[in-house]
Protein chains: 2
Amino acid sequence: MIQSVSRALHLLEILARAGGSARLKEISETAALTVPTTHNLLNTLVALGYVRRRQGDTRYHLGDRILNIARVAGNDAQLRERLRPTLKKLYDATQETVFLAVPSGDEIYFLDAIESRKLLHVAAQPGERVGMTGSAIGQLFLAHNASLRARTDVPPGIRDELDRIARDGYAVDHERVFDGIAAVAVPLIEDGEMLAGFGVAAPGNRLTPDLFPSLAARMHQIIADHA
Amino acid sequence: MIQSVSRALHLLEILARAGGSARLKEISETAALTVPTTHNLLNTLVALGYVRRRQGDTRYHLGDRILNIARVAGNDAQLRERLRPTLKKLYDATQETVFLAVPSGDEIYFLDAIESRKLLHVAAQPGERVGMTGSAIGQLFLAHNASLRARTDVPPGIRDELDRIARDGYAVDHERVFDGIAAVAVPLIEDGEMLAGFGVAAPGNRLTPDLFPSLAARMHQIIADHA
DNA sequence: CTAATGATTTCCATGATGCTGAAATTCCAG
DNA sequence: CTGGAATTTCAGCATCATGGAAATCATTAG
């Protein structure tokens with residue numbers, strides 16, 4: 001544990017709790033640090049743009065450089081919060097394990113999941129990360145994002161499938177990736193961009209290919225209504 | 001400039017630019033630090049909750065503790081962005097100097113302002129900070145926030161005025177605080193809470209007390225339409 | 001306006017602290 | 001299972017952050 005890093009971040013939190021600005025003395029007292037040490041830490045934060053000072057004001061204010069970081073950190077957390085109810089609706093409608101995934105670099109990242117309570121069911125895997133081509137949701141992203149497609153090594157067998165996905169608006173997987181598991185995935189599109197994918201996964205003998213179109217339609221409906 | 005603090009924050013930004021997660025080696029290369037140093041910094045950030053690791057995954061992910069800080073830093077910036085157009089409308093309607101202010105601790109903080117182009121006008125003072133009782137906008141906050149009122153030393157002369165403000169929905173100042181300057185302020189209320197105050201300030205001989213009610217009504221109108 | 005008080009900033013000596021190379025361990029792909 | 005690569009641990013050393021003291025600056029009262 002690096003002392004000065006811990007202290008510096010603590011100072012930022014103190015500033016936040018004080019409503020965004022405070023005087024040196026208050027800060028040093030709250031942090032239980034000496035005034036010169038606090039001063040040194042704060043000035044480092046000022047030099048980096050995480051804290052600001054306004055002319056004619058000796059107070060320290062939270063700067064907005066922190067937003068560079070928070071925008072990314074917040075995206076995931078906020079999206080999960082916001083789409084939790086939709087995911088729940090999807091679970092209620094299917095009683096199968098449901099997933100919410102977002103792209104992260106060249107992989108997809110499972111942001112949230114609700115696991116089915118049926119005796120035989122697919123395990124939820126929030127926090128897991130798989131390649132783009134290795135899941136129905138990943139193929140959805142590939143079908144919707146040309147630049148992502150360009151930098152991904154797409155096997156020829158999947159290339160045609162991407163056209164179908166683009167046309168029909170949903171991706172499927174029937175025991176291709178994992179034995180015994182079938183999945184249907186539909187996108188959440190906002191402002192013309194695919195933000196996230198919803199997936200339903202179930203044993204292949206319960207979720208047979210003939211059910212795919214109607215399940216996809218139901219999923220589209222739920223997302224349109226609740227997201 | 002404290003080296004380790006600068007480095008740690010840089011690592012957070014690298015993680016953000018990488019889309020929220022990355023491997024140790026990539027991070028250390030991007031940051032131009034040795035691997036053990038990067039490891040040490042990252043583990044400090046993990047211990048503090050600003051970076052997370054998921055089990056069975058050696059990657060480092062942005063944590064959401066940063067949001068504690070960003071929520072406050074972002075508030076101001078976002079509010080100013082969002083209310084800029086309203087402030088502009090207010091300026092267009094009055095051609096006088098207009099202000100946007102928010103509470104900050106026990107003072108009010110001038111978040112934004114547009115200065116009148118008239119020959120004789122009130123100076124804009126974005127970034128400035130004044131006591132609650134020392135401005136029309138501050139009195140607005142006092143009238144709308146009981147807990148703020150409780151911890152503020154309100155002069156007896158103003159106490160009655162607060163009742164009037166609560167009743168009429170606007171605050172005024174005619175050469176009480178600054179010689180020659182008159183001001184009218186109205187609140188922006190959302191979810192029952194006063195988030196910010198808008199103010200119009202002008203020379204006292206242009207903005208006479210008889211104009212206060214009609215100006216306040218016009219301001220209410222503009223805010224209702226655009227905020 | 002001046003003086004007095006309190007807060008902020010600068011400086012520097014000191015030793016604790018964080019840095020790095022090297023080694024041990026773990027992870028992961030084949 | 002095996003080999004290579006990435007991660008983690010470790011310890012000695014130089015460096016860097018720390019905090020006392022003093023100087024400067026801002027603020028308030030008179």
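Quick caveat: nothing in here was measured; it's all calculated off a predicted structure. Computation of the quantities below employed the complete heavy-atom set of this structure, encompassing side-chain atoms and omitting hydrogens, waters and symmetry-equivalent molecules. In what follows, chains carry the letters A, B, and so on, assigned in the order in which the sequence lines appear, proteins first and then strands, with residues in each chain numbered from 1.
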> Does one side chain, of B:Arg53 or B:Tyr60, offer a donor that lies under 3.5 Å from an acceptor on the other?
Replying inline: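 The answer is yes; a qualifying pair exists.
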> Thinking salt bridges, do B:Arg164 and B:Glu161 make one under a 4.0 Å N-O criterion?
Replying inline: yes
Grab the [atom1]-[atom2] distance between [X] and [N] for me, whole Å please.
{"X": "A:Leu11", "N": "D:dA17", "atom1": "CG", "atom2": "P", "value": "15 Å"}
{"X": "A:Asn40", "N": "C:dC11", "atom1": "CG", "atom2": "P", "value": "13 Å"}
{"X": "A:Glu29", "N": "C:dG6", "atom1": "CD", "atom2": "P", "value": "14 Å"}
{"X": "A:Asn43", "N": "C:dT9", "atom1": "CG", "atom2": "C1'", "value": "8 Å"}
{"X": "A:Leu41", "N": "D:dC16", "atom1": "CG", "atom2": "P", "value": "16 Å"}
{"X": "A:Ile2", "N": "C:dT20", "atom1": "CD1", "atom2": "C1'", "value": "13 Å"}
{"X": "A:Glu26", "N": "C:dA7", "atom1": "CD", "atom2": "P", "value": "10 Å"}
{"X": "B:Leu42", "N": "C:dG18", "atom1": "CG", "atom2": "P", "value": "15 Å"}

Any idea which of [options] is nearest the [X] side chain?
{"X": "A:Thr58", "options": "D:dA26, D:dT18, D:dT9", "answer": "D:dA26"}
{"X": "A:Arg53", "options": "D:dG19, C:dT8, D:dC16", "answer": "C:dT8"}
{"X": "B:Pro36", "options": "C:dT8, C:dA22, D:dG19", "answer": "C:dA22"}

Using OP1 and OP2 only, check whether a side-chain N or O of [X] sits under 4.0 Å from [N].
{"X": "A:Arg23", "N": "C:dT8", "answer": "yes"}
{"X": "B:His39", "N": "D:dT7", "answer": "no"}
{"X": "A:Tyr60", "N": "C:dT9", "answer": "yes"}
{"X": "A:Gln3", "N": "D:dA17", "answer": "no"}
{"X": "A:Thr34", "N": "D:dG19", "answer": "yes"}
{"X": "A:Arg59", "N": "D:dT27", "answer": "no"}

> Is there a side-chain contact between B:Val200 and B:Tyr91 (heavy atoms, below 4.5 Å)?
Replying inline: no
> With a 4.5 Å heavy-atom cut-off, do B:Leu188 and B:Phe198 have their side chains touching?
Replying inline: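 B:Leu188 vs B:Phe198: side chains touch.
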> Which heavy-atom pair separates B:Ala136 from B:Ala171 by the least distance, and what is that distance?
Replying inline: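 Minimum heavy-atom contact is O-CB, 3.2 Å.
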> Taking for each residue the nucleotide of DNA chain C bearing the nearest heavy atom, is the 5' side occupied by A:Leu24 or by B:Thr37?
Replying inline: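 It is A:Leu24, whose closest nucleotide lies nearer the 5' terminus.
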